[in-house]
Number of protein chains: 2
Amino acid sequence: MRRDVFQAIADPTRREIIDLLARNPQNLNSIADNFTISRPAISKQIKILTQCGLVIVTRQGREHYCSANLKKFNEVAAWIEQYRVFWNNKLDALGDFLEKEAEVDKRSPMK
Amino acid sequence: MRRDVFQAIADPTRREIIDLLARNPQNLNSIADNFTISRPAISKQIKILTQCGLVIVTRQGREHYCSANLKKFNEVAAWIEQYRVFWNNKLDALGDFLEKEAEVDKRSPMK
DNA sequence: CCTATGTATAACCATTCGGTTACGCAAATT
DNA sequence: AATTTGCGTAACCGAATGGTTATACATAGG
């Protein structure tokens, strides 16, 4: 079973879960409150997210506290960033050009 | 049928095709030479990539010339970059919040 | 004109995905 | 002790995914 970050963020529900957890960690029921799908469905998505390391679950009594482990995005960011040079002039993935980059950002590359 | 960039890059074969096309545009047979799977399989993946705008195909006679349209990565990059503040001190994607960001990091939600 | 080339597409297949309902279990509450 | 709460998991389901082989078709070259 392929379980990598690229595949994990392919599903919009999982991206929404990440969004929620990045803002504030919470248990499974709190997460499920934000969706119309069933709690077991959320549980499955959380499982996928933990299997690829994007979410970390710590048990506190009977509650399973979920938090986002966003460092895992490095893998995706690195892959995407290597192509940024092809669609604008930024080279921010290399981390050496922060000053130059600030100026580049002024003429925002977003469509 | 959901057809977005997030889902398109979830498959490793499609990422590899993007890699090839970013380096140099080429027709379908040239792409297929790099894989063990059949040509129709590649054709299907190309179709998915074109449907979400990541690849652009122009016909030249009987050859279908494929090139990567990497601007489409903006969507993914923007989503990922909003979280960068949570895993390191750079805010290179937004560029406007360097000071605020330093404070936010203090009460980092990361475990 | 005939053949070879480059590609798309249809039909099919096994597997995975994303959801459901039903059930079980441990921890908290009463 | 009994009940409620929070959660996981099993069994199931329809649809999507990612591959295959066979076929068709337009274009290029002999």
Side-chain angles (χ1 to χ4, degrees), chain A residues 1-21 24-69 72 76 79, chain B residues 1-21 24-69 72 76 111:
Chain A
M1 205 182 316
R2 186 163 50 84
R3 230 21 127 206
D4 59 73
V5 182
F6 286 96
Q7 189 244 353
I9 64 172
D11 183 76
T13 300
R14 286 195 291 267
R15 286 201 300 278
E16 214 172 324
I17 292 175
I18 296 280
D19 276 327
L20 290 168
L21 294 180
N24 49 307
Q26 53 200 279
N27 63 19
L28 194 139
N29 275 339
S30 312
I31 298 171
D33 286 343
N34 298 275
F35 300 90
T36 57
I37 60 178
S38 70
R39 195 177 38 81
I42 299 293
S43 182
K44 282 186 175 187
Q45 303 292 19
I46 297 281
K47 191 172 189 179
I48 290 172
L49 289 169
T50 57
Q51 280 172 348
C52 75
L54 260 175
V55 163
I56 291 171
V57 180
T58 56
R59 298 192 48 168
Q60 287 182 345
R62 65 184 165 188
E63 304 197 14
H64 293 205
Y65 215 59
C66 307
S67 60
N69 181 33
K72 275 284 171 181
V76 179
W79 190 74
Chain B
M1 203 183 316
R2 189 164 48 84
R3 226 28 124 204
D4 59 74
V5 181
F6 285 95
Q7 188 242 357
I9 65 171
D11 182 76
T13 301
R14 286 195 290 267
R15 286 202 300 279
E16 213 172 324
I17 291 175
I18 296 280
D19 275 326
L20 289 169
L21 294 181
N24 49 308
Q26 53 200 279
N27 62 17
L28 194 140
N29 274 340
S30 312
I31 298 171
D33 286 344
N34 299 274
F35 299 90
T36 57
I37 60 177
S38 71
R39 205 192 39 224
I42 299 292
S43 182
K44 282 187 174 184
Q45 304 292 22
I46 297 281
K47 191 172 189 179
I48 291 171
L49 289 169
T50 58
Q51 280 172 348
C52 75
L54 260 176
V55 163
I56 291 170
V57 180
T58 55
R59 297 192 49 167
Q60 287 183 344
R62 65 186 164 186
E63 303 196 15
H64 294 204
Y65 215 60
C66 307
S67 59
N69 181 34
K72 275 285 171 180
V76 179
K111 192 198 55 195

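Everything numeric in this text was worked out from a predicted model, so none of it was measured. Residue numbers begin at 1 in each chain, while the letters A, B, ... track the order of the sequences.
Using a 4.0 Å heavy-atom cutoff across all strands shown, K44(B) reaches at least one base atom of the nucleic acid.
Along DNA chain C, the nucleotide nearest to R62(B) and the one nearest to Q60(A) differ in position, and the one closer to the 5' end is contacted by R62(B).
Nearest to the side-chain atoms of E63(A) among the listed nucleotides dT9(D), dT7(C), dG6(D) stands dG6(D). Of the candidate nucleotides dT17(D), dG19(D), dT21(C), dG19(D) has the atom nearest to the side chain of T13(B).
Following rounding to the nearest Å, Q45(A) (CD) and dC7(D) (C1') show an atom-to-atom distance of 16 Å. Atom pair R15(A):CZ and dC17(C):P shows a separation of 16 Å (rounding to whole Å applied). dG19(C) atom P lies 8 Å from atom CD1 of I42(A), rounded to whole Å. Here dC25(D) presents its P atom at 15 Å from NE2 of H64(B), a figure rounded to the nearest Å. Atoms CD1 (I48(A)) and P (dG8(D)) sit 13 Å apart, rounded to a whole Å. The interatomic distance linking R3(A) (CZ) with dG18(C) (C1') rounds to 11 Å, in whole Å. In this structure, NZ of K47(B) is placed 15 Å from C1' of dA16(D), rounded to the nearest angstrom. Straight-line distance from the CZ atom of R14(B) to the P atom of dA16(D): 15 Å, rounded to whole Å.
In this structure, R15(B) is positioned above the aromatic face of F6(A), its NZ or CZ under 6.0 Å from the six-membered ring centre and within 45° of the axis.
Taking a 4.0 Å limit (strictly below) on heavy-atom distances, residues 26-39 of chain B reaches DNA chain C at N27(B), L28(B), N29(B), R39(B).
Judged by distance alone, the side chain of N69(A) and the main-chain N or O of G53(A) form a donor-acceptor pair under 3.5 Å. A donor-acceptor contact shorter than 3.5 Å links the side chain of R14(A) to the backbone of A8(A). Side chain of Q26(A) to backbone of N24(A): a donor-acceptor contact under 3.5 angstrom is found. Under the 3.5 Å distance criterion, the side-chain polar atoms of T50(A) are matched with a main-chain donor or acceptor of I46(A).
Contact annotation: the side chain of L21(B) never approaches that of S67(B) to less than 4.5 Å [non-hydrogen atoms, C-beta and beyond].
Considering only side-chain N and O atoms, S43(A) lies under 4.0 angstrom from the phosphate OP1 or OP2 of dG8(D). Proximity of R59(B) to the phosphate of dA26(D): no side-chain N or O atom is located under 4.0 Å from OP1 or OP2. A close approach under 4.0 Å does occur between a side-chain nitrogen or oxygen of Q7(B) and OP1 or OP2 of dT17(D).
No hydrogens or angles considered: nothing links the side chains of S30(B) and D33(B) as a donor-acceptor pair under 3.5 Å.
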